[in-house]
Amino acid sequence: MDLEKHPAAPAPAPAGLRASDADRDRIAQILGDAVAEGRLTAEEHSERLDTLYAVKTVGELEALVRDLPAPGGAHAPSRAASSYTGAAGPAAETIVAVCSSSSRKGRWRPGAHTRAVSVMGDITIDLTQAVFEQQVTEINVTCVLGNVEVLVPENVTLRGYGSGVLGNFEVRGMSRGETDPQAPVVIVRGFSLLGNIEARPKLGARLVDLARKLRKDLDG
């Protein structure tokens with residue numbers, strides 16, 4: 001008989017509990033791993049990702065991954081399957097422009113979460129040459145009397161959830177048919193007050209050979 005005391009495992013959240021941002025991030029990662037492994041098609045991943053940000057409770061989120069392996073389980077994807085490079089990038093980053101301008105562009109490594117705050121300023125987030133280290137990258141934007149522009153490669157899946165009050169929130173090029181099923185997903189969420197938030201693919205800019213690189217990592 002094992003008399004040693006073991007700490008009790010944390011109880012799962014009640015199904016009717018309101019979902020938090022952390023709950024959504026966890027489910028988004030499972031979905032990202034699933035599409036990278038080929039368990040979900042690009043269309044299925046897109047549909048579930050849209051539902052992910054529409055439902056409100058933990059139980060509804062769990063239903064989206066009921067047929068997928070949990071992280072760390074026997075059938076969980078390898079590290080190579082869930083990332084595009086071996087190095088770990090920043091988990092989060094904040095970009096602020098107050099009566100000024102700020103930009104991120106070139107060969108950089110965006111974190112899983114980027115927060116952009118523009119108050120009478122200009123922000124450019126250019127992901128066309130970025131090194132993505134996670135399947136899902138989320139950008140949260142608050143814009144007041146300013147301008148925020150997000151540029152992504154043509155074959156990245158782009159999603160947008162936001163609104164504007166006497167301002168503009170626009171995400172163009174969503175659900176493009178030519179997106180690569182192995183490509184990252186960029187989600188732009190934002191609120192604009194007397195300002196402008198725009199996210200779009202940059203014509204001619206593509207992340208190439210993503211599927212081939214992923215297969216090489218898995219075989220290696």
Side-chain angles (χ1 to χ4, degrees), residues 19-37 39-56 60-61 63-65 68 82-84 89 91-93 95 104 109-118 123-143 148-164 167-192 195-203 205-207 210-211:
S20 67
D21 288 342
D23 293 326
R24 297 183 197 279
D25 293 342
R26 176 175 58 84
I27 299 301
Q29 185 59 55
I30 295 174
L31 294 176
D33 291 341
V35 73
E37 281 195 307
R39 297 179 188 274
L40 293 176
T41 66
E43 292 75 16
E44 289 170 331
H45 178 259
S46 176
E47 291 173 0
R48 296 194 190 195
L49 200 61
D50 286 340
T51 304
L52 171 68
Y53 289 95
V55 300
K56 299 183 182 301
E60 291 172 309
L61 289 180
L64 296 174
V65 295
L68 300 174
S82 59
S83 64
Y84 293 101
E93 180 178 6
I95 305 170
R104 293 290 186 275
R109 300 173 186 272
H113 298 274
T114 296
R115 184 185 180 198
V117 180
S118 171
I123 295 178
T124 299
I125 301 176
D126 188 341
L127 298 168
T128 55
Q129 298 181 48
V131 178
F132 291 89
E133 298 184 326
Q134 59 279 325
Q135 181 70 20
V136 178
T137 297
E138 184 170 326
I139 301 173
N140 290 276
V141 182
T142 301
C143 181
V148 178
E149 182 180 41
V150 180
L151 300 173
V152 303
E154 284 187 306
N155 55 332
V156 163
T157 300
L158 182 62
R159 293 282 180 270
Y161 307 90
S163 61
N168 179 60
F169 177 87
E170 182 179 8
V171 176
R172 291 186 279 159
M174 292 194 298
S175 301
R176 294 170 64 92
E178 63 271 24
T179 54
D180 191 317
Q182 302 293 353
V185 176
V186 176
I187 299 170
V188 180
R189 305 173 69 182
F191 173 75
S192 171
N196 178 63
I197 300 173
E198 180 181 356
R200 61 181 174 84
K202 184 176 181 179
L203 297 180
R206 295 179 63 85
L207 292 179
L210 287 169

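Numbers here are sequence positions counted from 1.
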Please walk me through it: do V188 and F169 pass side-chain contact (heavy atoms from CB on, under 4.5 Å)? CA-CA 10 Å; V188 180; F169 177 87; 4.3 Å; yes

Just jot down the side chain to side chain donor-acceptor pair (under 3.5 Å) partners of T142, sequence neighbours excluded, or say none. none

How would you list, by chain and number, every residue that makes a side-chain contact (heavy atoms from CB on, under 4.5 Å) with A130, sequence neighbours excluded? W108, P110, L127, F132

Nearest 0.5 angstrom please: L52 CG to E47 CD, how far? 13.5 Å

Just to verify, what does N196 make a side chain to side chain donor-acceptor pair (under 3.5 Å) with, not counting sequence neighbours? N147, N168

Check whether any side-chain heavy atom of L158 lies under 4.5 Å from a side-chain heavy atom of P201, and answer yes or no. yes

Looking only at heavy atoms, which two atoms of P184 and Q134 are closest? And how far apart? CB-O, 4.2 Å

Does any non-hydrogen side-chain atom of E149 lie less than 4.5 Å from one of I125? no

All side-chain contact (heavy atoms from CB on, under 4.5 Å) counterparts of V185, not counting sequence neighbours: H45, L49, Q135, V136, T157, I187

In sequence, state the C-alpha distance, the side-chain angles, and the governing distance for I95 and V117, and then conclude on side-chain contact (heavy atoms from CB on, under 4.5 Å). CA-CA 6 Å; I95 305 170; V117 180; over 6 Å; no

Taking side chain to side chain donor-acceptor pair (under 3.5 Å) as the test, write out the residues that go with R104, two or more places apart. E93

Please report the C-alpha distance between C143 and F191 in whole Å, then the side-chain angles of each, then the deciding distance to 0.1 Å, and finally whether the side-chain contact (heavy atoms from CB on, under 4.5 Å) criterion is met. CA-CA 6 Å; C143 181; F191 173 75; over 6 Å; no

Would you find a donor on one side and an acceptor on the other, under 3.5 Å apart, between the side chain of R189 and the backbone of N140? no

Considering non-hydrogen atoms only, spot the tightest contact between S192 and G167 and give its length. OG-CA, 4.0 Å

So, taking the atom named CD in E133 and the one named CZ in R109, what distance separates them when rounded to the nearest 0.5 Å? 4.5 Å

Holding to side-chain contact (heavy atoms from CB on, under 4.5 Å), I want the full list of residues that pass it with E60, two or more places apart in sequence or in another chain. V55, K56, T57

Does one side chain, of T128 or D126, offer a donor that lies under 3.5 Å from an acceptor on the other? yes

Name all residues meeting the side chain to side chain donor-acceptor pair (under 3.5 Å) criterion together with Q129; count only those two or more places apart in sequence or in a different chain, and write none if there are none. none

What residues form a side-chain contact (heavy atoms from CB on, under 4.5 Å) with S20, not counting sequence neighbours? A22, D23

Got R39 and L68 here, is their nearest side-chain heavy-atom distance under 4.5 Å? yes

Using a 6.0 Å cut-off, check whether atom CZ of R24 has over 12 heavy atoms from anything other than its own residue. yes

